[in-house]
Structure formats: C-alpha cells, structure tokens
Amino acid sequence: MKRLVMLACVALFTGALAQEATSSTLVFENVQVFDGEALLPATTVVVQDGIITAIGPDAIGPDTAVPEGAEIVDGSGRTLLPGLIDAHVHVFTPAMLQQAAVFGVTTVLDMFTDEGFAAQMRAEQAAGPVTARADMLSAGTLATSPDGHGTQFGIDIDTLTAPDQAEQWVADRVAAGADYIKVVIESGEEMGFTQPTLDEDTVRAVIEAAHAQGLSVVTHVQTAGAAAMAVSAGTDGLAHMFSDEVPDQALIDAMVANDVFVIPTFSVFQSIGADDPVDTTIAQDERLSPFLSPADLQSLASPYHGFEDLSFWVALEGIELLRAAGVRILAGTDAPNPGTAFGASMHRELELLTQAGLTPSEALAAATSGNADTFGLTDRGRVAEGQLADLVLVEGDPTLDITATRDIVAVYRQGVPIDRDGYGAALAATRQAAAAQADQLQGEGPLLVSDFESRGLDVTFGSEWAATTDEQAGGNSTAAMEVVEGGAGNSAYSLAVTGVVGDAFALPWGGVMFMPGATPFAPRCASSCSAPRPVRSRRSGRST
Amino acid sequence: MTDEWQQYEVDLGTVGECNPSGVMAIIFSASQPGEYSFQIDDVALQ
C-alpha cells in the first residue's frame with residue numbers, strides 16, 4: 001500500500017494566441033519615439049519585413065511613397081518604444097513567453113531553467129522568427145553547491161564543490177548553448193537558515209573560465225557581503241540588489257571601477273522585508289488586469305516572504321546610491337516568483353526604478369538599450385534603422401509618466417502584431433466558465449467529477465483524467481490507468497492506477513490528475529468566490 | 001488506505017498553502033519509491 005496524496009496548486013497557464021502576419025510593411029505616422037535612450041519628437045517610422053527601415057519626418061514624403069499595401073498606424077498622442085527586455089526571469093513553458101509579449105516584453109533573459117527546455121527555445125528561434133511570443137536567452141542551469149540555492153526546484157543541476165571543476169563545468173554550459181553564466185552565492189543566513197554555497201575561490205574560477213569562453217557572468221546575491229565577494233571574484237553583474245544593508249563606499253567604488261551592473265528585481269523584493277507590504281497596483285490597474293490570469297492574480301497577492309533581516313526600502317536606497325555613483329542599473333523582474341506576473345511586472349519594475357531615483361527615460365533605457373547593450377543584443381533595444389521591429393505603441397508619454405507603458409495600444413514582434421485581444425478574450429472565457437462552475441458549487445450536495453460508470457475517463461467538467469508522473473521534472477516514475485470492473489458501493493466500474501515510483505527525483509510521484517478548469521491548467525475556483533467557504537473533495541479509494 | 005473501499009474527504013483549505021479559489025489540478029498519486037496500485041471512484045467536489 002502506498003501513501004495517497006493530493007496536490008491541488010499547479011501554476012501554469014496556457015492560452016496565448018498567435019496572430020498571423022497581416023502586413024509586411026508598417027508605417028507609424030506622427031508618433032513620438034523613445035529610441036532606447038531619449039525621446040524624439042513626433043515623426044514617421046517605417047517597418048518592412050520585420051525590420052525598421054526608416055525614421056524621420058521625411059521617411060514618407062514627396063519623394064518616398066507609402067509602399068503599396070502598407071498598414072498605416074496613427075501615432076497621434078502616442079509613443080513608440082523598443083520592445084521591453086526583462087533581464088531576470090525564469091521560463092519553464094512557451095506560454096510564459098507568450099504572456100510576456102502580450103505585456104510588451106519582447107525579449108527575456110532567463111536566469112535559470114532546464115537546459116533542455118532552453119535549447120528547445122533556442123532551436124525554435126533559430127529556425128525562424130517566432131513572432132507570437134518573446135524571444136528568450138538563457139543561462140540554462142546555474143553554478144551552485146550540492147544542496148545549494150537552486151537545487152530546491154526539482155531541476156537536475158550539475159553542481160560544483162571545488163575550483164578545479166570550473167573549467168569543465170563552463171565547457172559543459174558552452175556545449176549546452178548557454179548565452180551567459182549564472183552563479184549563486186547564497187548562504188541563506190539572511191533568511192534565517194543555512195545552506196551550502198560556493199566559496200570565493202570556486203566562484204572566481206567559474207567566472208574566469210566563463211570569461212575565457214567569452215561568456216559574461218551574472219551572480220545571485222542577497223546580501224552586501226555576498227555582493228562584495230562576487231565583485232571581488234570578477235562578476236559582470238548582480239542578479240539582484242542586496243537588501244540587508246546599503247552598500248558602503250568601498251563596494252560602490254569597486255562596482256564602479258569594475259563596471260559591474262545590477263538588476264535590482266524590485267518586483268520580487270517589494271514584499272521581502274518583515275514589514276514590506278504586498279503590492280496591489282498591478283492587479284488593480286485596469287490597463288493590465290484584463291490580461292492577468294487567476295494564477296497571475298494569485299501570484300501578485302503572494303508575499304516574498306517577510307524576512308526580518310531584509311528590507312525593500314534598503315534595496316531601494318542602495319540602488320539610489322549606486323545610480324548616483326554611475327553604476328549601470330538594468331530592469332528585470334524575477335518572474336514568475338511570488339509577487340510577480342510574467343510581463344505585467346515589468347511595468348511595476350519601471351515604476352519602482354523611478355522610485356529609486358532613475359528618471360523615467362533612464363528606467364525605459366534600462367529596460368531597452370541598457371539590457372540590450374549589456375547582453376550583446378545588437379539587433380534590438382532601440383528604435384533605429386536596421387533594428388528588429390520589436391515595438392510597443394502606448395498612449396501618452398512614458399518619459400513624463402512612467403505608468404503610461406501600461407496603456408498599450410499594440411505590441412509587435414518583428415513587425416507582427418501580438419494578438420492581445422484574442423489573449424484577453426480567452427482569459428475572459430476562462431473566468432466566465434470558472435464563475436459558472438462556482439455557481440454550480442453553490443448548490444446543495446457534492447458536484448460529481450467522475451463515477452466511471454460510462455467505463456470511460458470522462459468528467460462532468462474540466463479536463464478528463466490523465467496520468468501524471470515526475471518525468472516532467474526529470475524523474476523516472478511511471479503511471480498507467482485503466483477503468484476496471486468493480487467500484488465503490490457495488491458500482492460497476494472504477495479507475496485503477498498502477499505504476500512504479502522511482503528515485504530519480506527528490507519529490508517523486510506517479511498517479512492520475514484531474515484539472516477542473518475550463519482549459520488545461522487554467523485555475524478554477526473550487527470554492528465560492530463571492531463567499532469563501534471550506535471545500536471538500538470526497539473520494540472513495542482503495543489499494544490493491 | 002485499505003483493501004476495502006473507503007470514503008475520504010479532504011478540506012482543500014487545509015492542504016498546505018493551497019488557495020481553493022485557484023485550483024488548477026487535483027492529483028491522486030503515490031510518492032514512496034516502489035510499485036504501487038490503487039483505485040478511485042465517485043470523485044466529487046462540494
């Protein structure tokens with residue numbers, strides 16, 4: 001007999017819609033342009049076959065006719081921006097990239113995922129323009145100790161214990177296609193626990209090996225001490241702003257001297273301190289909320305985490321000091337960690353950067369040309385001739401009001417519009433179906449999912465039963481299911497589940513899964529949303 | 001669990017940090033290494 005467990009919170013959403021190319025030529029007329037560094041007065045921008053081909057008042061004029069079949073976009077009162085680049089995310093599904101694009105984030109820099117998944121995304125991008133989602137660059141895995149930070153997520157990690165392993169470790173990352181290297185320095189002490197972490201000699205060896213291979217290095221830190229170690233060891237950048245104390249002058253001088261950049265990831269740290277509140281502005285912003293899934297709303301309402309020794313306000317003050325000293329500040333969110341939502345949180349990050357003293361233009365540059373230049377993306381990050389037409393058109397002027405980036409008119413990936421309306425409509429349908437099901441649950445008695453009396457796997461709502469194992473997380477467990485004769489209460493049939501739970505994954509499982517949402521992995525309200533009440537899942541079961 | 005049919009009720013609001021208002025999947029699984037076998041019937045929410 002094996003222990004039977006129920007897991008009920010799985011955070012995935014799929015549902016973004018691609019939109020076919022509708023025109024090979026776009027002409028934005030009378031539009032203000034933030035070119036990646038500064039605001040240009042109202043002008044004309046021409047895009048042909050996914051590339052920006054002309055900018056300026058004479059781009060279309062007496063001597064240059066509007067190309068036949070061109071789509072004309074009125075830019076009056078609007079601003080055209082380079083597609084936003086999020087310099088710190090973790091991507092596990094293509095749907096996350098689709099969601100990012102809906103919110104104007106057209107490129108993401110992943111800072112740890114499964115290397116196989118990263119390779120798959122790279123291969124798809126190399127095969128041709130992937131215009132329905134954001135492009136993704138990735139570190140793939142990360143450099144950490146056995147049982148160190150990063151190993152808790154269930155993804156198999158090639159860990160290190162000594163400097164002499166660094167050269168081979170980096171060579172393996174090069175072979176896996178890493179676009180840059182991610183290193184972790186994290187003892188956990190500032191969060192009230194201890195865990196193994198790389199020593200400075202090993203960190204330095206990894207950084208030197210990466211640089212020898214032409215790869216830059218971004219280092220995870222959360223304390224000033226860890227940041228000082230990373231800078232001393234030669235890191236190119238910090239993946240977070242530390243929040244235990246503000247940097248002292250020695251650290252500031254070292255960062256300036258070594259041109260070390262910082263990706264503050266304020267979005268995920270805004271609730272990190274014991275007294276830091278959870279932000280609600282993104283979830284409540286009507287310019288963004290139609291495109292937020294229930295899972296996004298749940299994440300945005302989740303604190304991260306309330307640690308006594310850390311403070312968002314310390315991180316904010318620290319960035320103010322670093323920015324004043326001339327340290328490069330970049331824009332990244334650390335989505336999809338608690339408190340964030342893919343794509344949407346970049347708009348909050350821009351706002352928080354301005355609270356740390358950046359001007360709106362500096363914040364916009366951090367999320368566009370700054371990220372592009374730092375990570376060697378020469379084909380994007382600017383509205384300029386020859387650049388990819390990854391563009392965001394917004395109402396108003398975000399160089400005056402940074403929150404204007406949320407008022408998106410259209411997003412383009414290589415000149416192809418992202419189907420934001422379709423994405424929003426699919427979400428609305430999901431919400432509507434969930435509300436209808438919630439109404440059903442308001443009734444008397446239980447709502448039957450399956451009694452298997454049809455001799456099939458069908459369900460009365462949601463998605464039909466499916467086998468599930470830890471294979472998706474790198475495990476080797478198996479599961480098979482079959483409707484068999486003989487059920488509870490002398491009924492005719494029941495569902496039999498058999499398999500082997502393996503030992504290749506730390507938290508193994510094998511069994512069957514029911515998804516109650518209107519679409520697979522869409523969240524569903526399993527209680528009364530208007531009047532929450534305890535919910536019970538009634539199950540009859542037996543082991544054999 | 002036993003070799004006979006038993007009825008179980010689980011209050012989703014008491015399962016870890018689960019928020020019943022956002023349930024995406026309900027999984028019946030074994031988690032101890034080795035072979036397993038079980039049957040389920042009459043699954044319902046209320």
Side-chain angles (χ1 to χ4, degrees), chain A residues 1-12 294-295 298 441 445-452 468 484 487-489 491 494-503 508-517 521-527 529 532 534-544, chain B:
Chain A
M1 185 175 71
K2 305 301 176 187
R3 189 160 61 95
L4 192 63
V5 299
M6 172 182 292
L7 304 174
C9 285
V10 181
L12 287 174
Q298 195 167 320
L441 287 173
L447 180 63
L448 181 69
V449 175
S450 292
D451 60 12
F452 306 104
T468 176
V484 297
S491 65
S494 62
L495 182 64
V497 187
T498 58
V500 177
V501 173
D503 56 6
W509 80 87
V512 290
M513 173 172 59
F514 159 66
M515 288 179 282
F521 283 116
R524 156 186 222 296
C525 184
S527 64
C529 289
V535 175
R536 285 188 291 276
S537 170
R538 192 183 68 178
R539 180 187 69 225
S540 296
R542 71 176 183 180
S543 65
T544 57
Chain B
M1 291 179 62
T2 70
D3 289 340
E4 304 299 322
W5 286 100
Q6 301 285 328
Q7 180 168 307
Y8 298 88
E9 293 192 2
V10 177
D11 184 343
L12 295 182
T14 66
V15 179
E17 297 180 355
C18 178
N19 175 2
S21 67
V23 172
M24 297 182 188
I26 295 173
I27 298 174
F28 298 89
S29 75
S31 60
Q32 299 300 310
E35 293 185 5
Y36 67 89
S37 176
F38 61 84
Q39 288 174 248
I40 57 174
D41 200 3
D42 295 337
V43 180
L45 293 172
Q46 67 177 18

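Labels below follow one simple rule: chain letters A, B, ... track the order of the sequence lines, proteins then strands, and each chain is numbered from 1.
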- Item | Closest non-hydrogen atom pair between B:F38 and A:G511, with its separation |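 Heavy atoms of B:F38 and A:G511 come nearest at CZ-CA, 4.4 Å.
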
- Message: As an exercise, state the distance from CZ of A:F514 to CG of B:L45, rounded to the nearest 0.5 Å.
- Response: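 Here the rounded value is 6.0 Å.
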
- Message: As a quick check of understanding, evaluate side-chain hydrogen bond (donor to acceptor under 3.5 Å, both in side chains) for B:D42 and A:S491, giving each step before the final call.
- Response: CA-CA 9 Å; B:D42 295 337; A:S491 65; 5.3 Å; no

- Message: Please check: side-chain N/O of B:D41 versus main-chain N/O of A:A488, any donor-acceptor pairing under 3.5 Å?
- Response: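 A pair under 3.5 Å: yes.
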
- Message: For A:V449 and B:I26: C-alpha separation, side-chain torsions, deciding distance, then whether side chain to side chain contact (heavy atoms under 4.5 Å, CB included) applies.
- Response: CA-CA 11 Å; A:V449 175; B:I26 295 173; over 6 Å; no

- chain B: which of A:P508, A:A496, A:G499 shares the most heavy-atom pairs with it under 4.5 Å? A:G499

- Note on the structure: Per side chain to side chain contact (heavy atoms under 4.5 Å, CB included), B:Y36 is matched among A:V500, A:V501, A:T498 by A:V501

